[in-house]
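Remarks on the structure that follows.
Keep in mind that what you see is a predicted model, and the values were worked out from it rather than measured. Worth knowing before you read on, the calculation uses all heavy atoms, side chains too, and leaves out hydrogens, waters and symmetry mates. Note that the numbering runs from 1 along the sequence shown for the chain.
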Amino acid sequence: MAKQSAKQPEKQPEKQPEMPGEEELVDALHQAVGAAVSDLLRERPDHHFSYWVLVTTGEAFGPALSAWSLEALAEATAGWPEEAVLDLKWSYADSPFCTWGEEHLKPVRALFDARPQVFDLEDDEGDKEYELRLRAMETALARLDAEGLFGTGKRRLATVIDIEVPSEEPDRERTFRLNPPEALTGWLADQAALTARTAR
């Protein structure tokens, strides 16, 4: 009598991961951005960082990190006229630290990708999803700031933190929320100068 083969158990469908909520995005960003910034501070202990920025797209995908230090800016613009220096000072893309800490931030993008995509949703729902994603980034930066990661006292007042969406108009209200007024004195003067130059 032929031996009957054992019945193979039915393959269970793979369980889909739950969609991450806003707080999960905040927690993941808090950890990833904190680790990336800390790594750069350790890597450049002699640098005075003046700008930290999360950069995302119009779809509000998981962000990248960029930063400028006074020392890096001085090295990059040695011999340049003052107007040219201003062009670089707030340019995330031209920084030698652009996309720093990708080993920390890349995994966070999977959480963003697990949510409904902004442009796949109806207008109102897409707007809500976009706002949720940007709000998560802002909350994570604010928490790190409250912990003193970007400096305290005079050092913090010499630093601007921000979120940039290059395809969109700058959100100055968000910049104001993320920074003490004294930290924005130079930034506001530079923005006014850049605007005046464009209007010429």
Side-chain angles (χ1 to χ4, degrees), residues 29 32-106 108-109 134 137-138 140-142 144-145 147-200:
L29 284 165
V33 176
V37 170
S38 296
D39 282 354
L40 185 48
L41 291 172
R42 282 192 297 269
E43 186 80 14
R44 299 289 193 278
D46 56 332
H47 280 224
H48 297 79
F49 284 88
S50 55
Y51 189 45
W52 298 95
V53 60
L54 293 181
V55 185
T56 187
T57 63
E59 296 93 337
F61 293 140
L65 176 69
S66 188
W68 271 110
S69 70
L70 300 180
E71 292 77 9
L73 183 65
E75 181 179 349
T77 60
W80 288 23
E82 186 175 344
E83 280 196 355
V85 174
L86 190 57
D87 288 331
L88 218 63
K89 186 176 181 181
W90 304 107
S91 172
Y92 76 88
D94 293 303
S95 168
F97 307 123
C98 185
T99 66
W100 182 273
E102 280 293 285
E103 68 274 19
H104 301 296
L105 284 156
K106 188 175 180 180
V108 178
R109 295 187 192 121
L134 269 292
M137 297 177 206
E138 181 179 345
L141 282 182
L144 292 167
D145 189 26
E147 294 166 5
L149 183 64
F150 304 110
T152 58
K154 290 183 178 180
R155 184 163 186 173
R156 175 62 183 90
L157 298 182
T159 305
V160 172
I161 63 174
D162 208 355
I163 299 166
E164 188 168 341
V165 186
S167 62
E168 306 291 331
E169 288 295 316
D171 186 341
R172 290 199 170 191
E173 289 301 319
R174 182 171 58 229
T175 309
F176 294 152
R177 289 194 300 269
L178 282 168
N179 295 277
E182 300 90 334
L184 295 176
T185 303
W187 179 85
L188 286 168
D190 287 346
Q191 298 308 308
L194 288 168
T195 301
R197 188 197 305 172
T198 304
R200 287 175 191 169

- Message: Go through it in stages, so that I can follow the logic: the residues are Arg174 and Glu138, the test is salt bridge (charged side-chain N to carboxylate O under 4.0 Å, His left out), and I'd like the CA-CA distance, side-chain angles, deciding distance and then a yes or no.
- Response: CA-CA 8 Å; Arg174 182 171 58 229; Glu138 181 179 345; 5.1 Å; no
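- Annotation for Ala36 and Gly101: closest pair CB-CA, 3.9 Å, computed over non-hydrogen atoms.
- Listed for the Thr175 side chain is no donor-acceptor partner under 3.5 Å among the backbone atoms of Asp162.
- Contact between Leu41 and Leu149 at its shortest, heavy atoms only, is CD1-O, 3.8 Å.
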- Step by step, work out the side-chain contact (heavy atoms from CB on, under 4.5 Å) result for Glu43 and Phe97. CA-CA 11 Å; Glu43 186 80 14; Phe97 307 123; over 6 Å; no
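- Residues Leu194 and Asp87 have side chains in contact (heavy-atom distance under 4.5 Å, counting atoms from C-beta outward).
- Between the CG atom of Leu184 and the CD atom of Gln191 there is a distance of 9.5 Å, given to the nearest 0.5 Å.
- Note: Glu75 CD to Ser69 OG = 9.0 Å, rounded to the nearest 0.5 Å.
- The side-chain heavy atoms of Pro180 and Arg156, taken from C-beta on, include a pair separated by under 4.5 Å.
- Using a distance-only test at 3.5 Å, with no hydrogens or angles considered, no donor-acceptor pair links the side chain of Thr56 to the main chain of Val165.
- With sequence neighbours left out, the side chain to side chain contact (heavy atoms under 4.5 Å, CB included) criterion links Ala64 to Thr99, Glu102, Arg109.
- In this structure, the side chains of Trp187 and Asn179 stay at 4.5 Å or more apart for every pair of heavy atoms.
- In this structure, Leu188 and Phe176 have side chains that are in contact, with non-hydrogen atoms separated by less than 4.5 Å.
- Here the closest non-hydrogen pair linking Cys98 and Ala93 is SG-CA, 4.1 Å.
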- Item | Audit row: Tyr51, Lys89, side-chain contact (heavy atoms from CB on, under 4.5 Å) steps and yes/no | CA-CA 9 Å; Tyr51 189 45; Lys89 186 176 181 181; over 6 Å; no
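- Under the side chain to side chain contact (heavy atoms under 4.5 Å, CB included) rule, His104 has a single partner from Val37, Val33, Leu29, Asp39, which is Asp39.
- The distance from atom CG of Leu144 to atom CD1 of Ile161, rounded to the nearest 0.5 Å, is 8.0 Å.
- Listed for the Arg197 side chain is a donor-acceptor partner under 3.5 Å among the backbone atoms of Glu83.
- When each of Phe150, Trp100, Trp68 is checked for a side chain to side chain contact (heavy atoms under 4.5 Å, CB included) with Trp52, only Phe150 meets the rule.
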- Apply the test side-chain contact (heavy atoms from CB on, under 4.5 Å) to residues Val53 and Ile163: give CA-CA distance (whole Å), side-chain angles for both, the deciding distance (0.1 Å), then the verdict. CA-CA 5 Å; Val53 60; Ile163 299 166; 5.7 Å; no
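- Every side-chain hydrogen bond (donor to acceptor under 3.5 Å, both in side chains) that Glu71 has, sequence neighbours left out, goes to His48.
- The distance from the CH2 atom of Trp90 to the OG atom of Ser50 is 6.0 Å, given to the nearest 0.5 Å.
- Rounded to the nearest 0.5 angstrom, Leu105 CG and Leu65 CG are separated by 6.5 Å.
- Under the 4.5 Å side-chain criterion, counting only non-hydrogen atoms from C-beta, Glu82 is not in contact with Leu86.
- Under the side-chain hydrogen bond (donor to acceptor under 3.5 Å, both in side chains) criterion, Glu59 pairs with Thr57, not counting sequence neighbours.
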